[in-house]
Amino acid sequence: MAAKLDNIFNNISKNNIFQDRFVLQTNHKPGSIPHRDKEIEQIASIMAPCLRGERISNLFVYGQTGTGKTLSVDYVKNELLHRNNEGTLALKIEYLNCKLRKVSDTEYRILAELIKKLGGSVPATGLPTDQVYNKFIELIEKEKQLIVLILDEIDQAVKKISDNFLYNLTRLNSELSQSQISIVGISNDLKFLDMLDPRVRSSLGEEEIVFSPYNALQLQDILKNRAEKAFKAGVLEDGVIAKCAAYAAREHGDARRALDLLRVAGELAERGGCLKVGLKHVDLANEKIDKDKIIEVVENAPKQQQLVLLAAAKLNDAKNEDRVFTGDVYNVYQELCNKSKTEILTQRRVGDLIGELDMLGILNAPVVSNGRYGRTREIKISIPEKIYGRVKEILLDVLEN
DNA sequence: GTCAATTCACATGAAAGAGACCACGGTCTAGTG
DNA sequence: CTAGACCGTGGTCTCTTTCATGTGAATTGACGA
């Protein structure tokens with residue numbers, strides 16, 4: 001055992017692969033953003049008037065995940081603030097990611113978070129929402145200022161709440177006498193604007209910018225840039241970067257994914273005590289990322305959801321009938337609840353849980369119509385063979401206690 | 001054989017309840033002068 | 001007399017239930033060739 005540990009620690013302390021691992025982490029902000037010059041220029045020209053103290057048009061930025069939206073907007077934001085560093089203008093640009101756990105899901109919390117960012121404070125709960133609005137307005141009106149709110153992953157927020165939250169925000173200007181607000185929305189969902197109320201759409205989408213996905217070559221470029229700083233010279237074998245880029249390009253050109261791949265590949269190589277990062281590490285990394293995601297989700301899922309998944313897994317194993325439907329799962333689920341002395345949820349709710357598992361990609365549960373025999377979901381497990389065992393262990397563990 | 005009506009087994013929506021959490025303001029209690 | 005403990009009220013949040021409505025195609029049955 002001691003020898004093994006020695007081995008591990010030595011490998012780490014030698015650290016023969018990475019130079020600066022942080023560069024590959026997702027929260028790292030690179031100094032330059034390749035292949036996004038045009039978009040950055042657009043954003044800058046739209047936001048520039050705020051340097052003259054004028055209200056800027058509301059802006060809407062679309063694009064798939066990992067296409068550099070957040071990064072670009074953030075970059076422009078910093079440039080603007082930098083140019084205004086003498087503080088001649090009362091200009092505030094606040095960034096808020098609507099998807100963060102603490103923020104998520106409710107109008108109240110988003111407002112609370114905004115207030116906090118603007119220097120006020122608001123209790124986590126317990127206040128009527130309109131009072132929070134008042135506080136928000138009061139805070140803004142305290143002095144004459146220009147405020148730009150950058151709302152990242154705004155689609156997530158609107159999906160959970162309704163869009164009249166956005167309506168309220170856009171309308172806020174009419175209630176303000178001296179200050180002014182602009183909104184920059186960032187969304188992954190291209191169809192997002194269509195879902196909105198027309199009134200909101202017209203006022204929010206005064207300007208729109210679309211970020212197209214990176215292609216494989218651009219991804220390679222980005223990776224090369226970062227890899228130079230992240231890895232020691234010469235540890236990357238030929239084709240590693242190209243392969244990472246290719247994998248990521250397959251997934252709608254997600255740069256984040258590409259960087260994750262590269263980082264995990266590096267870590268795997270390091271852990272394996274290799275001196276170089278090879279193609280096989282990339283393959284392993286690709287697998288590992290998916291696996292880890294699934295296992296993490298399964299582990300952290302609420303108990304009821306785990307039981308539903310276990311029920312589905314049991315039916316999947318039994319396989320005397322090749323098609324598994326919601327009703328079947330519900331029956332098995334009930335048995336499991338009895339066994340583990342858990343409260344039994346209604347079928348309505350279980351249906352939703354199955355839907356959530358489907359969204360997470362753990363189940364594949366499309367709605368099918370069997371004509372006379374009703375309409376239901378046909379449920380299949382979509383967990384890779386290799387970790388299916390692990391997942392079931394986790395689930396059976398849940399059943400025990 | 002053709003076509004519309006029927007029917008199944010849920011999906012999907014909307015509304016509302018339970019229980020946890022929290023802020024606020026009023027009241028009570030103990031300590032202080 | 002005052003600061004802090006305590007309590008009731010009213011608000012939010014999350015998860016869930018209840019009630020209501022929707023749905024796609026296999027099946028059925030009437031109809032005509």
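Numbered from 1 within each chain, the chains take letters A, B, ... in sequence-line order. All figures in this text were calculated on a predicted structure; none of them were measured in a lab. Keep in mind that the numbers below use all heavy atoms, side chains included, and drop hydrogens, waters and symmetry copies.
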Whole Å only: how far is the NZ atom of Lys303(A) from the P atom of dT16(C)?
-> 12 Å

Residue whose nearest DNA chain C nucleotide is more 5′ - Gly374(A) or Arg349(A) | Arg349(A)

Check for a donor-acceptor pair, side chain of Gln306(A) on one end and backbone N or O of Val298(A) on the other, with a separation under 3.5 Å.
-> yes

Does anything in residues 351-362 of chain A reach DNA chain C, meaning a heavy atom under 4.0 Å, and if so which residues?
-> none

May I ask you to decide if Lys380(A)'s main-chain N or O and Asn364(A)'s side chain share a donor-acceptor pair within less than 3.5 Å?
-> no

When rounded to whole Å, the CD to P distance for the pair Gln347(A) and dC8(B) reads 16 Å

Kindly say whether Thr67(A) contributes a backbone atom to a donor-acceptor pair with the side chain of Arg36(A) at under 3.5 angstrom?
-> yes

May I ask you to verify if any side-chain N or O of Thr326(A) is less than 4.0 angstrom from the OP1 or OP2 atom of dA9(B)?
-> no

Would you check if there is a donor-acceptor pair between the side chains of Lys243(A) and Asn286(A) at a distance under 3.5 Å?
-> no

d(CZ, Arg372(A); C1', dT28(C)) in whole Å = 7 Å

Any N or O donor-acceptor pair linking the side chain of Arg348(A) to the base of dG13(B) at under 3.5 Å?
-> yes

Examine dA9(B): is either OP1 or OP2 under 4.0 Å from a nitrogen or oxygen in the side chain of Arg375(A)? Give yes or no.
-> no

Please determine, for the side chain of Thr376(A), which listed nucleotide (dC10(B), dT7(B), dT17(C)) has the closest atom?
-> dC10(B)

Please state how far atom OH in Tyr330(A) lies from atom P in dT16(C), giving the value in whole angstrom units.
-> 12 Å

Base, sugar-phosphate, or nothing for Ser369(A), non-hydrogen atoms under 4.0 angstrom?
-> base

Under-4.0 Å side-chain N/O to phosphate OP1/OP2 contact, Tyr373(A) with dT27(C) | yes

Is a side-chain donor or acceptor of Asp74(A) paired with a backbone partner of Thr70(A) at a separation under 3.5 angstrom?
-> no

Starting at atom CG of Leu345(A), determine the distance to atom C1' of dG17(B), rounded to an integer number of angstrom.
-> 15 Å

Donor on one side chain, acceptor on other, Asp254(A) and Gln64(A), under 3.5 Å = no

Rounded to whole angstrom units, what separation is found between the OH atom of Tyr333(A) and the P atom of dC10(B)?
-> 16 Å

dC10(B) C1' sits how many Å from Arg323(A) CZ, rounded?
-> 14 Å

Sub-3.5 Å donor-acceptor pair from the side chain of Asp292(A) to the main-chain atoms of Ile289(A), do we have one?
-> no

Send over the distance from Asp328(A) CG to dA11(B) C1', rounded to a whole Å.
-> 16 Å

